[in-house]
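The structure under discussion appears below in the form of structure tokens.
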Amino acid sequence: MCGRYATSRSSDDLAAEFEVDDIFDGLPGPDYNVAPTVAVPAVFERTSKDTGETRRRLAPLVWGLVPSWSKSATGGAKLINARVESVAEKPSFRRAFAARRCLLPADGYYEWYLPEAARAASGRPLPGLGKTKKQPFFIRRTDGGVLAMAGLYEIWRDPAKDRDDETAWLRTCTVITTEATDAVGHIHDRMPMVIGEESFDAWLDPKQDDPAAALELLSVTDPAQLEAYPVSTEVNRVQNNGPSLLLPLADDEDDGDDQAPLI
DNA sequence: CCAGACGTTGTT
DNA sequence: GTCTGG
DNA sequence: CCAGACGTTGTT
DNA sequence: GTCTGG
């Protein structure tokens, strides 16, 4: 799945990478420990009612989708993932899937695994965490490129506030997950759905509102080439942040190789 | 008809 | 909002 | 996803 | 154990 990730690229870099037309206010700075409920940079398109022009935005969305019909904004924090197998039918997601698709740029994401399985997966000893404390891993593209995670967004209005009050509108998002490929399937059976550059336009086009076509696009998408390596449990606390969270965990055994092997 | 749900993940 | 269950 | 909290009483 | 907050 995807319950924590890193997104550290600058707004300018992301705008160039995703060929964005407009950069919005309120974008968060580099975040190496993105947790549900925080604002993340997102790429999506909106069509002007007046001119009919579609423009691509880089704008903040809050992670944890709140459907438009929700009675309150709290509780949406649970909807951080949507399964690709059912996203077109589930009441919480189908409307967004048809009309409000987005891309969530990430450096990579974190995955926690029980120590025994983590040792088996990484094929090496790992620091003693006991039997129950999980070992975090960071998973990224093997080519070091931006991970364009497929997402959906919703706009929820606080009924207690006026329509022209900007704070009345809450824009939230969720990450679509799919079956993990072999490379990272050892770590976890789910992973985020990743969109290739060649499919950005079709995925983001809000005029393309046929769910079957969006599903077809995902089914022909090549699975991303990913690699995973263990990192420090520092990432467990959402208060901890910074590039050091991405550092490969040093090998427990002193065999002269202090770079952790990738798996 | 009204009431109530509407999601994902983990898994000793 | 829209569907399912009673 | 993990960390941290987890409560009651009064009541025009 | 289960929910909320980040």
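Chain identifiers are assigned alphabetically (A, B, ...) following the order of the sequence lines, protein sequences preceding nucleic acid strands; residue numbering begins at 1 within each chain.
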query = When rounded to the nearest Å, what value does the distance between P atoms of B:dA5 and E:dG6 take?
reply = 26 Å
key: Side chain of A:Arg95 - closest among B:dT8, B:dT12, C:dT2   = C:dT2
remark   = note: A:Ile139, atom CD1; D:dC1, atom P; distance rounded to Å ~ 13 Å
query = For atom P, what is the distance between D:dT8 and B:dA3, given to the nearest Å?
reply = 28 Å
ask   = Reckon A:Phe93 touches a base, only the sugar-phosphate, or nothing at all at heavy-atom distances under 4.0 Å?
value = sugar-phosphate
message = Test side chain to side chain contact (heavy atoms under 4.5 Å, CB included) on A:Asn81 and A:Cys2; report intermediate values, then the result.
response = CA-CA 7 Å; A:Asn81 294 139; A:Cys2 181; 4.1 Å; yes
ask   = Okay, side chain of A:Arg140, backbone of A:Leu147: is any donor-acceptor separation there less than 3.5 Å?
value = no
query = A:Arg190 side chain: which of B:dT9, B:dC6, B:dT12 is closest?
reply = B:dT9
query = Which nucleotide, C:dC3, E:dG6, B:dT8, lies nearest any side-chain atom of A:Asn81?
reply = B:dT8
Please tabulate, one pair per line, each protein N/O and nucleotide N/O from nucleotides 2-4 of chain D that are separated by under 3.5 Å, including the distance.
residue	atom	partner	partner atom	Å
D:dC2	O4'	A:Arg4	NH2	2.9
D:dA3	OP1	A:Asn236	ND2	3.4
D:dG4	OP1	A:Arg237	NH1	3.1

Proximal nucleotide (of B:dT8, B:dT11, B:dG7) relative to the A:Leu79 side chain = B:dG7
task = Determine, stepwise, if the pair A:Asp165 / A:Thr167 fulfils side chain to side chain donor-acceptor pair (under 3.5 Å).
result = CA-CA 5 Å; A:Asp165 179 356; A:Thr167 67; 2.8 Å; yes
task = Please state how far atom CE in A:Met191 lies from atom C1' in D:dC1, giving the value in whole angstrom units.
result = 18 Å
query = Sub-3.5 Å donor-acceptor pair from the side chain of A:Trp63 to the main-chain atoms of A:Ile80, do we have one?
reply = yes
query = Rounded to the Å, how far apart are A:Asn33 CG and E:dG5 P?
reply = 19 Å
query = Base, sugar-phosphate alone, or nothing: which one does A:Thr174 contact when heavy atoms must sit under 4.0 Å apart?
reply = nothing
Closest to the A:Pro91 side chain, choosing from E:dG6, C:dG1, B:dT8 = C:dG1
request  = Side chain of A:Lys90 only, please: which of B:dT9, E:dG6, B:dG7 is the nearest?
outcome  = B:dG7
message = Enumerate the ring pair (Phe, Tyr, Trp, His ring centres under 6.0 Å) contacts for residues 102-127 of chain A, please, sequence neighbours excluded, ordered by first and then second residue.
response = A:Tyr110-A:Phe138
request  = Could you state the atom-to-atom distance from CZ of A:Arg83 to P of B:dC6 in whole Å?
outcome  = 16 Å
query = Of all the choices, B:dT8, B:dC6, D:dC1, which nucleotide is nearest to the side chain of A:Ser92 once you look at every atom?
reply = B:dC6
request  = Give the rounded distance in Å between these two atoms: CG of A:Asp31 and C1' of D:dC1.
outcome  = 13 Å
request  = In whole angstrom, give me the gap between the C1' atoms of E:dT4 and D:dG7.
outcome  = 16 Å
Integer-rounded Å distance: B:dT11 P and A:Asp189 CG = 9 Å
query = Just by modelled atom types, is the A:Ala98 backbone N or O under 3.5 Å from a matching donor or acceptor in the A:Asp209 side chain?
reply = no
ask   = Which residue, A:Trp69 or A:Met1, contacts DNA chain B at a nucleotide closer to its 5' end, judged by nearest heavy atom?
value = A:Trp69
query = Hey, is the main chain of A:Asp210 close enough, under 3.5 Å, to the side chain of A:Gln208 for a donor-acceptor pair?
reply = yes
ask   = When you compare D:dG10 with B:dC1, how far apart are their C1' atoms, in angstrom units rounded to a whole number?
value = 41 Å
ask   = From B:dT8, C:dT2, B:dT11, pick the nucleotide closest to the side chain of A:Ser86?
value = B:dT8
query = Rounding to a whole Å, what distance do you find between A:Leu65:CG and C:dG1:P?
reply = 16 Å
key: N-O pairing of A:Arg46 and A:Asp21 below 4.0 Å   = no
